[in-house]
Amino acid sequence: MKDKLAQWGFDYVRLRFGFRTGIAGCLSLVFAWTLGLEHPQWAAMTVWAVSQPTRGLLVEKAAYRALGTLLGTMFGMILVVSAGGEIIWLVVGLSLWVTLCVYTGNLLHGLISYGTILAGYSASMVVLLTQSPDALMPLGIDRLLTVFVGIITSLVIGWAFTYKRAEQTLINQLRRLTAANLQDISHYFAEPDKVSLNLSEKLSQLAAIEAQLLDHGTGSVSAHESAKTLRLIINSQLGFLTELNIQEPEKNKEVSNHLLESSNKLNSSAKRSEIIEPLRKALKLIKNDALKRRFSEFVEATNDRLSFRDSGKTASSTLLTKTILHRDWRGARQAAIRTLVIMSLIGAAWWYTEWFQLAYLMLGASVMLTLFSTADNPALTMKYVFFGQCAGALTAILIQAAVWQYQDAIFWMLVALMPVILLAGFPMSHQKTANGSMDFNLVFLLLMQPSVAYSFHLGHSITIALAVVAAPLLALVAYRLIYPTSLKARYQTLLQTLTEEIDQLDTEKLTESQYKRRKARFYHRVIKLTQISDKLGLKEKDSIIEHLLTGQKRLNSTG
């Protein structure tokens with residue numbers, strides 16, 4: 001069966017995930033309707049937004065979804081009451097709030113960034129779907145409760161059928177890579193004139209593992225601490241490998257033997273003492289001060305990681321300054337300006353014309369300009385989003401015309417949605433339709449608002465659908481014209497940031513805390529640059545290696 005599906009272009013794992021999510025979506029519809037909620041389709045939308053392939057991701061995304069929705073809904077309710085029905089104040093308040101959320105979200109990492117951005121467009125859901133203070137409280141409560149129903153349903157179904165976090169796979173990858181690097185360094189100490197460490201290749205290997213750490217560090221405090229210890233291993237290895245490429249070769253057979261012994265012990269997952277002891281012996285024998293300092297950092301990081309492996313606690317305090325991450329201040333500022341400009345233009349048009357369709361366009365734009373602002377190439381993503389949303393909107397209108405207008409009970413209207421929700425796993429799992437499938441689901445559900453004595457008006461439905469699907473087109477234009485964003489542009493921006501950071505490093509001595517912060521941020525920027533380079537398929541990393549070596553030399557003179 002799996003082979004047959006693969007021949008037809010379907011991914012069996014994604015198909016199973018999509019079908020499971022569809023079941024959870026249908027159940028959430030029923031639960032929300034049973035509770036008497038007015039927008040049960042929002043519960044199903046939440047299920048699609050929250051569901052994840054691993055438990056750690058599922059739990060943490062659900063938590064940030066709940067928190068972001070709560071904050072956004074509260075702000076939206078306050079704004080509607082404060083605006084007193086005046087569109088101009090709704091536009092001003094909402095534009096500033098969404099801009100603030102997208103700016104902050106672009107500075108953060110992982111799911112906390114998602115939660116922050118969600119708080120922005122959750123406010124849009126409240127503000128733009130009702131401007132009447134009388135209907136505000138019911139809508140706000142309905143928004144919160146439907147989201148919580150979707151989250152709880154997703155958690156229950158996901159926890160029952162989702163695999164536990166496959167964290168050991170990542171840990172084993174890093175363990176094997178570290179052992180291989182120790183072996184190569186051992187050979188380098190034995191015969192430095194004949195052995196090349198190939199820093200470019202090792203940098204790509206470390207960067208590939210680092211890219212998985214955000215997912216690894218989700219779901220619990222322990223997972224976050226584990227990710228920190230793994231990042232310390234990556235950073236300290238990178239530091240030592242870089243130093244070996246800066247300093248004069250130091251031939252030392254004893255150091256070589258100790259490193260080889262530790263490599264073998266690490267490969268066999270030996271006890272902490274059996275791995276650390278040879279490393280400490282090698283450390284004592286290294287003569288070069290700079291090499292000694294970098295290798296000492298690696299030994300400490302390895303000891304912390306192995307201690308965490310054995311006891312759940314690090315051997316020494318894992319300080320935040322050791323694992324600080326790069327923040328994209330320039331990208332955040334550009335995303336904020338882009339969002340403010342487009343939201344203000346749509347809002348001004350809405351205020352001037354008072355066309356209700358423009359409220360739907362503003363709602364869609366608030367999602368497109370925030371949620372996708374952190375994508376590698378948001379303009380390209382908008383193309384897939386547009387086609388997915390068009391298919392979702394067309395399906396919604398067809399069901400409204402062919403089924404809903406003949407139903408007189410909300411329950412049967414919801415039942416009519418279920419075949420589409422259950423079958424949504426097929427486009428999600430096919431290689432040609434996967435990119436826009438999530439947007440198909442979300443827009444389809446967004447447009448399907450059941451009500452008693454439902455009356456279908458083709459023109460009304462089409463104008464709302466057009467307003468919604470126009471949002472990704474408008475966002476595509478914005479991403480192309482206002483601070484054009486692409487993977488190549490992100491590479492150039494980060495390279496410029498790295499250059500500026502190196503130039504800022506002077507010969508003045510830094511405090512220990514300042515030194516650790518600068519070093520951790522510098523390494524993370526190099527790794528992020530390498531990840532983007534590999535995505536672009538750039539074979540030559542001469543520019544990155546040059547920046548890495550130059551920055552390391554500057555750090556040596558300041559720390």
Side-chain angles (χ1 to χ4, degrees), residues 103-110 112-113 116 199 202-204 206-214 216-217 224-225 227-243 245-246 290 293-294 296-298 300-301 304 316-335 374 490-534 541 543-559:
Y103 178 75
T104 307
N106 273 264
L107 291 177
L108 301 174
H109 298 273
I112 189 173
S113 171
T116 305
L199 183 57
K202 293 186 183 303
L203 179 56
S204 286
L206 290 170
I209 292 178
E210 195 277 341
Q212 304 173 60
L213 287 183
L214 285 177
H216 173 84
H224 281 276
E225 190 68 14
K228 283 185 180 181
T229 62
L230 295 176
R231 180 167 277 112
L232 285 176
I233 292 287
I234 292 172
N235 285 355
S236 59
Q237 272 190 78
L238 177 58
F240 186 53
L241 286 165
T242 304
E243 204 64 57
N245 280 267
I246 294 174
R293 182 174 185 179
R294 297 299 181 209
S296 175
E297 293 169 353
F298 171 72
E300 181 184 355
D304 275 347
S316 61
S317 174
T318 305
L319 299 176
L320 178 62
T321 53
K322 294 182 181 179
T323 55
I324 191 171
L325 304 181
H326 157 68
R327 298 196 189 281
D328 187 5
W329 297 95
R330 183 181 283 108
R333 183 174 63 252
Q334 293 175 353
T374 58
R490 292 191 187 280
Y491 176 87
Q492 294 296 338
T493 298
L494 185 52
L495 188 63
Q496 182 181 348
T497 300
L498 197 61
T499 302
E500 292 171 357
E501 181 176 23
I502 292 172
D503 291 340
Q504 289 170 3
L505 288 171
D506 52 34
T507 56
E508 293 182 7
K509 290 291 183 180
L510 300 173
T511 65
E512 186 67 17
S513 176
Q514 289 174 331
Y515 169 77
K516 288 178 179 178
R517 290 176 65 86
R518 288 286 188 93
K519 179 165 64 70
R521 186 177 61 192
F522 171 73
Y523 286 155
H524 191 244
R525 283 175 171 166
V526 169
I527 288 172
K528 290 289 291 183
L529 197 60
T530 304
Q531 291 166 353
I532 297 175
S533 171
D534 289 337
K541 294 185 174 60
S543 181
I544 300 176
I545 297 299
E546 180 183 350
H547 279 73
L548 176 59
L549 296 176
T550 304
Q552 183 96 320
K553 292 175 184 177
R554 295 284 183 90
L555 283 168
N556 288 345
S557 65
T558 58

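Numbers here simply count residues along the sequence, with the first being 1.
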Ser204 and Asp534: side chain donor to acceptor below 3.5 Å: yes
Asn245 side chain near Leu548 side chain, heavy-atom distance below 4.5 Å: no
Spacing of Lys541 atom NZ and Glu546 atom CD [to the nearest 0.5 Å]: 15.5 Å
Contact check, side chains of Gln237 and Ile234, non-hydrogen atoms, under 4.5 Å: no
Derivation of the side chain to side chain contact (heavy atoms under 4.5 Å, CB included) call for Gln531 and Ile527: CA-CA 6 Å; Gln531 291 166 353; Ile527 288 172; 3.5 Å; yes
Donor-acceptor under 3.5 Å (Thr550 side chain, His547 main chain): no
Flag side-chain contact, heavy atom, 4.5 Å: Val526 against Leu498: yes
Aromatic plane relationship, His524 with His326 - under 30° parallel, 30 to 60° tilted, over 60° perpendicular: tilted
Distance-only side-chain donor-acceptor flag, Glu297 / Asn235, under 3.5 Å: no
Interatomic spacing from CG in Leu214 to NE2 in His109 - rounded to 0.5 Å: 7.5 Å
Nearest atoms (heavy-atom pairs only) where Thr116 meets Ile112: OG1-O, 2.8 Å
Gln496 and Glu500 side chains, donor-acceptor separation under 3.5 Å: yes
Note, Arg327 side chain near Asn106 side chain (heavy atom, < 4.5 Å): no
Gap separating the CG atom of Asp304 from the NZ atom of Lys228, nearest 0.5 angstrom: 11.5 Å
Inter-residue atom distance Ile324.CD1 - Arg231.CZ, 0.5 Å rounding: 11.5 Å
Pair Ile502-Arg525, side chain to side chain contact (heavy atoms under 4.5 Å, CB included): steps then yes or no: CA-CA 11 Å; Ile502 292 172; Arg525 283 175 171 166; over 6 Å; no
Other residues, nucleotides, ligands: >12 heavy atoms within 6.0 Å of Lys528 NZ: no
Shortest non-hydrogen contact between Arg490 and Thr374, atoms and distance: NH2-C, 3.8 Å
Leu238 and Phe522: CA distance, side-chain angles, deciding distance, side chain to side chain contact (heavy atoms under 4.5 Å, CB included) verdict: CA-CA 11 Å; Leu238 177 58; Phe522 171 73; over 6 Å; no
Considering all heavy atoms, the nearest Gly105-Ser113 contact: O-OG, 2.6 Å
Donor on one side chain, acceptor on other, Arg330 and Thr497, under 3.5 Å: yes
Spacing of Leu108 atom CG and Leu325 atom CG [to the nearest 0.5 Å]: 10.5 Å
Non-hydrogen atoms of Leu529 and Leu494 that approach each other most closely: N-CD2, 3.5 Å
Side-chain heavy atoms of Leu241 within contact of Phe298, under 4.5 Å: no
Side-chain donor-acceptor contact under 3.5 Å, Tyr523 with Gln552: yes
Spacing of Gln514 atom CD and Glu512 atom CD [to the nearest 0.5 Å]: 10.5 Å
